[in-house]
Protein chains: 2
Amino acid sequence: MSDLEASAPAPRRGRPGYDRDQILGVAVEVFIELGYDATSVAALAERLGLSKSALYHHFASKEELLSVALDEALGALEGVLRESGASRATAGERLGYVLERAVRVLVEKLPYVTLLLRVRGNSDVERRALERRRAFDHEVTGLVRAAQTEGSVRADIDASVATRLIFGMVNSIVEWYRPAGSESAADLASDVMTVALDGLRTR
Amino acid sequence: MSDLEASAPAPRRGRPGYDRDQILGVAVEVFIELGYDATSVAALAERLGLSKSALYHHFASKEELLSVALDEALGALEGVLRESGASRATAGERLGYVLERAVRVLVEKLPYVTLLLRVRGNSDVERRALERRRAFDHEVTGLVRAAQTEGSVRADIDASVATRLIFGMVNSIVEWYRPAGSESAADLASDVMTVALDGLRTR
DNA sequence: GTCTATAAAGAGATAGAC
DNA sequence: GTCTATCTCTTTATAGAC
């Protein structure tokens with residue numbers, strides 16, 4: 001987001017020599033494996049091959065790691081909503097765009113979004129993240145409601161319930177999808193769109 | 001499960017006088033609010049209005065509370081699968097039964113299932129629970145595959161992916177559904193079946 | 001940018017009285 | 001069935017040297 005030059009493939013020095021992004025990436029991995037609360041700073045340092053003090057040199061606290069990671073995920077999701085407005089005429093089209101792009105953000109930022117989806121509001125940092133998630137969901141619900149009025153989405157289910165069910169499906173992807181497997185992000189997005197729009201039943 | 005007589009509405013004595021079930025119920029509430037790892041035994045005792053020692057009189061450890069709670073959820077889900085076999089001819093019918101009953105178990109045992117769905121395998125107790133969840137998912141995937149062969153479920157999506165998407169949707173219910181609200185469990189189950197089988201799109 | 005050493009608080013669990 | 005007091009270990013975080 002705020003990087004003006006650093007799009008290079010990251011130096012990767014001999015052994016230590018970590019920068020903030022590299023440390024953040026490893027920390028998020030460990031947070032996901034053990035859970036944020038169950039992850040001690042000692043465990044993070046060990047995984048990095050660093051002492052705790054070296055880690056505290058880069059981040060002021062365990063919570064700052066969490067905060068920066070959550071911001072990465074939220075920024076990307078909010079970006080999808082921002083882009084959906086321009087040059088799309090109907091609510092149905094905008095909703096389709098948001099769904100498909102949200103799946104891709106989930107895959108591209110898998111660890112960050114995974115962490116976001118596990119946050120429960122246990123601290124100020126977590127509560128602020130939940131607030132931004134709620135705002136996102138609220139905007140999508142508005143899109144679903146508009147699509148119902150328009151006639152492109154079935155109106156016999158409450159917009160809020162429909163949104164929650166569909167995004168429940170989308171978000172659950174972080175529980176099992178691994179980019180290494182046989183299914184590409186494009187296949188996955190296509191499957192999600194099919195099930196969400198047309199369901200499982202044969203016709 | 002092993003209660004031979006105690007189906008009475010629970011005594012509810014003057015102030016303390018807790019039994020295991022009452023303590024378990026409160027503990028599960030707190031585990032969900034704060035997360036299991038972030039919940040200290042002191043916090044549990046405080047919520048119960050008891051000392052830590054009184055709590056340890058009922059349960060040998062914090063982990064025993066978790067273990068009993070997870071068993072409650074898993075037992076109910078496994079029961080759904082057990083019942084689905086008898087007297088239903090096609091895989092499509094069995095799958096429909098499992099979906100609808102799973103939603104109802106989620107609602108009836110909401111706190112226990114919520115806790116189950118947040119387990120990440122951080123200890124032997126958690127890993128055993130995950131193993132049982134995997135076995136459940138595997139059986140449902142088999143049902144989906146049979147329904148595809150039969151022709152009642154669309155075959156252009158991998159059975160494993162379809163199962164994960166649909167159960168992702170079902171499981172996400174624990175994130176937002178509250179029995180007190182306007183939507184009954186029957187309405188919810190009906191909405192889930194509609195979206196899962198026919199999708200959001202109008203026709 | 002990294003280290004060792006340590007402070008200060010909180011964790012899970014137990015002893016033993018009532 | 002509940003209590004107070006305490007043990008021991010681990011936690012987050014800091015001090016200060018290299």
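A note on names: the letters A, B, ... follow the listed sequences, proteins ahead of strands, and every chain is numbered from 1. Owing to the predicted nature of the structure, the values given are computational and were not obtained by experimental measurement.
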Practice problem: If a protein heavy atom is under 4.0 Å from the base, mark B; if only from the sugar-phosphate, S; if neither, -; do that for nucleotides 5-18 of chain C going 5' to 3'. | Solution: B-----SBBBB---
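- Relative to the six-membered ring of Phe59(B), Arg20(B) meets both conditions, a distance below 6.0 Å and an angle of at most 45° to the axis.
- Considering only side-chain N and O atoms, His57(A) lies under 4.0 angstrom from the phosphate OP1 or OP2 of dG1(C).
- Annotation: the span from Ile157(B) atom CD1 to Thr194(A) atom OG1 amounts to 5.0 Å, rounded to 0.5 Å.
- Checking the phosphate oxygens (OP1, OP2) of dT2(C), a side-chain nitrogen or oxygen of His58(A) falls inside 4.0 Å.
- Atoms CD (Glu64(A)) and P (dT14(D)) sit 12 Å apart, rounded to a whole Å.
- Applying the ring-ring contact (aromatic ring centres under 6.0 Å, His included) rule to pairs touching residues 78-122 of chain A yields nothing, sequence neighbours excluded.
- Nearest heavy-atom pair, Asn122(B) versus Gly35(A), reported as atom, atom and distance to 0.1 Å: ND2-N, 4.4 Å.
- If you measure from atom CD of Glu46(B) to atom C1' of dT4(D), you get 16 Å, rounded to the nearest angstrom.
- Note: CG (Leu50(A)) to P (dT4(C)) measures 11 Å, nearest angstrom.
- Judged by the 6.0 Å distance and 45° axis criteria, Lys62(B) is not positioned over the aromatic ring of Tyr56(B).
- Note on residues 121-147 of chain A: pairs passing ring-ring contact (aromatic ring centres under 6.0 Å, His included), not counting sequence neighbours, are Phe136(A)-Phe167(A).
- For the pair Asp19(A) CG and dT2(C) P, the interatomic distance rounds to 10 Å; values are reported in whole Å.
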